[in-house]
4 protein chains.
Amino acid sequence: MKETKKEKIIDAAVRLFQTQGYDGTSVRDIASKANVNVALVSYHFGGKKGLYEELMTQFLEGYLKVIKGEVDKTFGSCRDQLLSLIHSLLEYQSTNHFVARMVHREMTMDSVLVRELMSTYLRKEKHDLEGLIRTGMRRGEFRKQAIDFVVIHIRTMIIMPYQSPHYLSELYQITTTEPYFIDRYMKHIRQWVDLCLCKHMELSTSTSYLLPRSISQ
Amino acid sequence: MKETKKEKIIDAAVRLFQTQGYDGTSVRDIASKANVNVALVSYHFGGKKGLYEELMTQFLEGYLKVIKGEVDKTFGSCRDQLLSLIHSLLEYQSTNHFVARMVHREMTMDSVLVRELMSTYLRKEKHDLEGLIRTGMRRGEFRKQAIDFVVIHIRTMIIMPYQSPHYLSELYQITTTEPYFIDRYMKHIRQWVDLCLCKHMELSTSTSYLLPRSISQ
Amino acid sequence: MKETKKEKIIDAAVRLFQTQGYDGTSVRDIASKANVNVALVSYHFGGKKGLYEELMTQFLEGYLKVIKGEVDKTFGSCRDQLLSLIHSLLEYQSTNHFVARMVHREMTMDSVLVRELMSTYLRKEKHDLEGLIRTGMRRGEFRKQAIDFVVIHIRTMIIMPYQSPHYLSELYQITTTEPYFIDRYMKHIRQWVDLCLCKHMELSTSTSYLLPRSISQ
Amino acid sequence: MKETKKEKIIDAAVRLFQTQGYDGTSVRDIASKANVNVALVSYHFGGKKGLYEELMTQFLEGYLKVIKGEVDKTFGSCRDQLLSLIHSLLEYQSTNHFVARMVHREMTMDSVLVRELMSTYLRKEKHDLEGLIRTGMRRGEFRKQAIDFVVIHIRTMIIMPYQSPHYLSELYQITTTEPYFIDRYMKHIRQWVDLCLCKHMELSTSTSYLLPRSISQ
DNA sequence: TATGAATGAGAGTTCATTCAT
DNA sequence: AATGAATGAACTCTCATTCAT
């Protein structure tokens with residue numbers, strides 16, 4: 001057996017949580033989709049809630065790690081760093097798109113866990129994004145404006161394709177997992193960054209930013 | 001009794017669905033919060049599902065009606081019409097912010113109902129938004145660019161404050177229901193419209209668009 | 001309105017009890033089939049149980065009355081009287097075949113009511129049937145044999161077509177309500193009476209008994 | 001534990017269905033009579049309906065098997081074979097008298113399941129009984145007469161003691177499960193067969209038919 | 001006489017979890 | 001590590017009935 005039973009449970013859970021939500025998915029659903037005994041969920045994860053929390057934190061930890069990795073890089077411009085960060089987060093979510101979707105939906109719930117996760121993970125995300133924008137403004141790269149809405153706007157753009165993929169695919173036949181989606185979407189984002197965020201004179205001259213080869217436009 | 005029991009049920013349901021999600025809310029929760037007998041939910045709405053569907057369609061119908069109302073108005077510019085439309089939709093959601101939040105979350109589920117609602121309601125929303133943008137481009141008001149992402153971007157901005165209000169309030173102390181939130185948020189959106197959507201020369205000259213007094217900037 | 005609402009309820013109840021049994025039929029079923037408000041059942045009959053008991057006793061009272069009417073007639077022979085009695089009971093059940101079916105099924109339940117009805121009604125039926133058979137034996141018309149089984153056998157034959165009409169129609173395409181069924185069935189019963197009950201020498205001579213014209217063989 | 005919990009459920013269900021009917025019995029009744037958790041009924045039988053169907057089909061399958069066993073035997077006369085068949089069916093029902101009573105009552109309902117069971121099981125019963133009677137007529141053992149009513153009559157006699165045992169015990173103090181009941185009842189049936197079914201000349205000579213010792217008269 | 005709203009009780013089923021094996 | 005049996009709690013919904021109108 002290639003995949004351990006524990007992994008099979010995770011895979012099944014992710015897929016079901018993503019489609020039906022946490023409360024809409026039963027342990028039996030998961031077990032039967034994973035071809036595994038029901039009791040195993042409790043055995044391996046200490047129950048449905050444990051499995052759920054593991055999925056949430058794993059995703060968010062990876063998410064944070066991506067941010068940290070990008071923030072630690074040295075870039076010529078804040079603009080390029082921001083675009084690289086956004087790109088990496090899109091790729092991370094694309095790789096784990098089922099979990100991503102699940103996490104984004106569950107994060108709209110009003111529970112103790114969600115509040116905790118926000119404090120633990122999203123606060124860091126907020127902090128790092130704000131730091132980046134603030135630096136850009138200080139350096140004169142970005143236009144001065146209310147920082148809150150800018151950060152929120154950026155975050156919304158990052159998350160949207162994996163929060164409403166169903167909407168995109170149903171109404172626009174856009175599959176957020178297909179190879180070139182991120183490239184196309186990045187073009188849109190880059191435009192936003194250059195027009196809305198950066199100071200205007202620079203906008204026509206600087207057209208490229210450094211990226212790993214694989215995601216070059 | 002001022003509020004009929006049927007209305008009390010709706011109010012309770014909206015509040016609970018919004019916080020815990022549809023599957024996370026039990027009929028008994030609703031009934032007890034509404035100070036009403038459990039059986040009354042089935043009596044008035046034909047069950048939990050019926051109540052849920054009524055809430056969803058009611059909200060979406062009202063949403064569409066707002067769009068229709070705005071599209072039928074005559075404006076000097078597409079820009080002003082777009083901004084007025086966005087503003088009205090924000091106000092509509094603000095008035096029904098509990099339902100709005102519930103609907104936006106449930107719309108990320110993968111169910112037959114959601115698919116139907118998308119076809120019935122969101123397809124119209126998409127159609128009208130696209131029409132508006134396309135007209136603006138034809139008239140030379142808006143810059144030519146991929147229409148898909150533009151529409152999606154606009155929709156995302158409209159919806160975001162009521163899809164993730166919890167995030168905003170928890171991390172930014174932004175209450176999306178407070179009186180001036182819409183004004184502040186509109187300023188941000190207007191900036192986006194002028195910078196990203198409109199052709200640049202005009203951007204510094206036209207600064208106002210017609211709105212009812214109450215929402216003047 | 002030709003039929004009063006009370007009668008409409010009775011009709012609907014009879015049809016439903018007959019098909020689904022008492023416990024399998026809800027007051028709402030009855031009311032909706034009768035196009036009548038649910039509360040009317042309680043109003044007119046003091047509840048589902050009251051309606052049920054009224055149907056049961058009405059049928060059984062009529063049943064007893066038929067027996068009494070036949071027993072009081074004067075016949076030349078016990079054989080003819082027995083056959084006339086059987087015939088009348090078949091006709092009575094045929095006229096009220098829905099109630100008949102319902103009563104016969106419900107009579108196989110084990111409840112206080114059933115026990116009471118047995119004591120009140122079926123005991124009389126038993127008494128009269130036994131009397132008739134006993135007289136026939138005393139007069140030398142009927143062969144002497146265990147009276148218990150004979151009476152039970154006769155009763156079973158009387159009841160069978162309305163206790164298992166569904167069986168007959170499903171497997172034999174015999175409709176127990178069609179005009180000539182009773183005639184055909186009586187021929188069978190008469191054969192049984194003549195062969196099994198009567199002394200043999202007489203069997204070929206006496207061939208007819210007095211009946212209303214319509215059911216003449 | 002001698003009896004498994006599954007068996008305990010079956011026993012309790014049979015007893016309750018028999019007394020109160022299927023619709024009159026609740027799963028909780030069954031579980032509490034069986035000293036078992038309510039959920040176990042759904043676990044083992046997939047719900048009340050599943051349990052019910054299992055009981056029905058199990059009984060009817062056994063019933064058919066008895067018929068098949070008798071039909072396959074070789075007898076000197078059709079009369080003896082018929083009597084042996086009837087005897088075996090009485091014994092089978094006597095052994096499972098609770099289920100028998102339940103099945104016979106439920107078979108008078110008008111449901112999809114009943115229609116299916118009739119097609120599946122009772123059609124075979126009808127076929128075999130008809131075959132036996134027809135052979136008897138061809139061989140000259142049985143008097144020629146309408147075969148339908150004969151078969152129905154026989155079936156009615158076979159079933160009656162277990163369809164209306166309550167009637168018998170209440171009004172006649174006849175317990176259909178007591179050891180000698182079948183013997184006494186068989187005497188009555190044999191009389192019917194000899195008088196009504198067989199040709200008359202033979203009736204006084206042939207008085208016995210081969211049976212296993214245990215049921216010799 | 002008739003009704004729609006409302007109710008408490010109980011229906012059958014599913015839930016996540018535990019336990020002995 | 002893995003399982004099938006078993007459980008108590010909770011689920012949604014329907015039940016027959018009552019009540020004010």
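Residue numbers start from 1 in every chain, and the chains themselves are labelled A, B, ... in the order their sequence lines are given, proteins ahead of strands.
- The salt bridge (Lys or Arg N to Asp or Glu O under 4.0 Å) analysis of residues 42-55 of chain C, with sequence neighbours excluded, yields no pairs.
- Every residue was checked against the salt bridge (Lys or Arg N to Asp or Glu O under 4.0 Å) condition with Asp11(B), not counting sequence neighbours, and none meets it.
- Scored by the side-chain contact (heavy atoms from CB on, under 4.5 Å) test, Ser111(D) finds Leu113(D), Val114(D) as partners (sequence neighbours excluded).
- Note: CD1 (Ile30(D)) to P (dG10(E)) measures 17 Å, nearest angstrom.
- Partners of Ser26(C) under the side-chain contact (heavy atoms from CB on, under 4.5 Å) rule, at least two apart in sequence or in another chain, are Arg28(C), Asp29(C).
- Rounded to an integer number of Å, the gap from Lys8(B) NZ to dT7(E) C1' is 14 Å.
- To the nearest 0.5 angstrom, Met107(A) atom CE is 13.0 Å from Arg105(B) atom CZ.
- For Thr57(C), the side-chain contact (heavy atoms from CB on, under 4.5 Å) partners are Leu117(C), Tyr121(C), not counting sequence neighbours.
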Counting primed atoms plus P, OP1 and OP2 as sugar-phosphate and everything else as base, spell out the protein contacts along nucleotides 14-21 of chain F at 4.0 Å heavy-atom distance: B, S or - for each nucleotide, 5' to 3'.
BSBBBB--

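- The nearest whole Å value for the distance from the OH atom in Tyr52(A) to the P atom in dC15(E) is 18 Å.
- Atom pair Phe45(A):CZ and dA16(E):C1' shows a separation of 15 Å (rounding to whole Å applied).
- The line from CZ of Arg115(D) to CG of Leu122(D) is 13.5 Å long, rounded to the nearest 0.5 Å.
- Rounded to an integer number of Å, the gap from Leu16(B) CG to dT12(F) P is 12 Å.
- Following rounding to the nearest Å, Asn35(B) (CG) and dA6(E) (P) show an atom-to-atom distance of 13 Å.
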Distance-only donor-acceptor pairs under 3.5 Å for side chains of residues 33-46 of chain A, two or more places apart:
unit_1   : atom_1 : unit_2   : atom_2 : d
Asn37(A) : OD1    : Ala39(A) : N      : 2.8

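- Using five terminal pairs a side, the axes of the helix from dA2(E)-dT21(F) to dT21(E)-dA2(F) at its two ends make an angle of 10°, given in steps of 10 degrees.
- Atom CG in Leu40(C) sits about 6 Å away from atom P in dA2(E), given to the nearest Å.
- Between dT7(F) and Lys5(D), a contact under 4.0 Å exists linking OP1 or OP2 to a side-chain N or O.
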Check residues 12-22 of chain C and write down every donor-acceptor pair under 3.5 Å in which the side-chain atom is one partner and the other belongs to a residue at least two apart or another chain.
unit_1   : atom_1 : unit_2    : atom_2 : d
Gln18(C) : OE1    : Arg101(C) : NH1    : 2.8
Gln18(C) : NE2    : Arg15(C)  : O      : 3.3
Thr19(C) : OG1    : Arg15(C)  : O      : 2.6
Gln20(C) : OE1    : Thr25(C)  : OG1    : 3.3

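- Rounding to whole angstrom units, NE2 of residue His44(B) and P of dC13(F) are separated by 15 Å.
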